Amino acid sequence: DTEVTQTPKHLVMGMTNKKSLKCEQHMGHRAMYWYKQKAKKPPELMFVYSYEKLSINESVPSRFSPECPNSSLLNLHLHALQPEDSALYLCASSQGGTQNTEAFFGQGTRLTVV
Amino acid sequence: AQTVTQSQPEMSVQEAETVTLSCTYDTSESDYYLFWYKQPPSRQMILVIRQEAYKQQNATENRFSVNFQKAAKSFSLKISDSQLGDAAMYFCALNFGNEKLTFGTGTRLTIIP
């Protein structure tokens with residue numbers, strides 16, 4: 001099973017809403033990632049969890065709040081977003097640690113902020 | 001800092017023909033991994049091929065192969081017998097065995113029937 005599952009696939013939210021994006025993997029990977037991707041651009045790293053601890057935060061605004069409940073799950077909590085936050089949000093996972101190589105990606109959540 | 005450059009924003013190829021996508025990178029490290037990812041309109045980033053820098057032999061996966069020139073810091077992707085399903089955005093990426101992937105800006109590949 002080389003699958004990373006993201007829900008929902010599409011999300012429309014108002015600027016005052018609170019919503020969450022979910023990501024799940026069952027490959028035994030110990031590193032999980034959130035990326036943001038704008039149209040026709042490469043993914044931009046937002047957060048990395050390594051062994052369930054936040055290891056990288058790429059200076060992401062606090063209206064994005066990640067959570068890693070266990071080694072298989074990763075959430076991204078959204079609150080008071082701006083229209084410019086509309087993008088494709090990709091979750092990924094990799095083996096982690098010193099054996100970290102390729103990342104496996106989910107299909108993404110297309111987020112629209114209105 | 002490491003950088004990855006894809007100098008071809010768009011490429012097109014006739015179905016069944018061969019196309020090569022270019023990627024150059026800059027790093028002072030000697031051990032690293034290089035990847036090509038494909039992102040079709042379905043949005044999912046799919047790993048196409050990977051190359052370990054310590055391996056001299058070029059990686060091959062079915063119709064996909066790379067030309068890895070470590071001294072020149074070049075990592076091109078050759079797609080043979082192009083198929084309609086190969087149409088996608090292709091990203092070259094660099095990793096040092098840690099948690100950071102550095103992506104190039106991407107090449108949009110169009111397949112002409």
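What you see is a predicted model, and the numbers here were worked out from it, not measured in a lab. Here is the naming used below: chain letters follow the sequence lines, and residue numbers restart at 1 for every chain.
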Any B:R43 side-chain heavy atom under 4.5 Å of A:T109 side chain: no

Joint hydrophobic cluster, A:V60 plus A:L90, side-chain heavy atoms closer than 4.5 Å: no

Min side-chain heavy-atom separation B:M45-A:V4 under 4.5 Å: no

A:Q37 portion near chain B, given a 4.5 angstrom heavy-atom threshold: side chain

Closest approach of A:K40 to B:M89 (non-hydrogen atoms, all atoms of both residues): O-CE, 4.3 Å

Heavy atoms from other residues, nucleotides or ligands near NZ of B:K78 exceed 12 (cutoff 6.0 Å): no

Residue pair A:P42 / B:F103: nearest heavy atoms and the distance that separates them: CB-CB, 3.7 Å

Part of B:Y37 within contact of chain A (heavy atom distance under 4.5 Å): side chain

A:F105 side chain near B:Q39 side chain, heavy-atom distance below 4.5 Å: no

B:Q56, CD: over 12 other non-hydrogen atoms inside 6.0 angstrom: no

A:Y35 side chain near B:L101 side chain, heavy-atom distance below 4.5 Å: yes

Within 6.0 Å of CD in A:Q82, more than 12 heavy atoms from elsewhere: yes

Rounded distance [0.5 Å steps], NZ in B:K100 versus CD in A:E58: 3.5 Å

Interatomic distance, A:E102 atom CD to B:I49 atom CD1 [nearest 0.5 angstrom]: 11.5 Å

Within 6.0 Å of NZ in A:K19, more than 12 heavy atoms from elsewhere: no

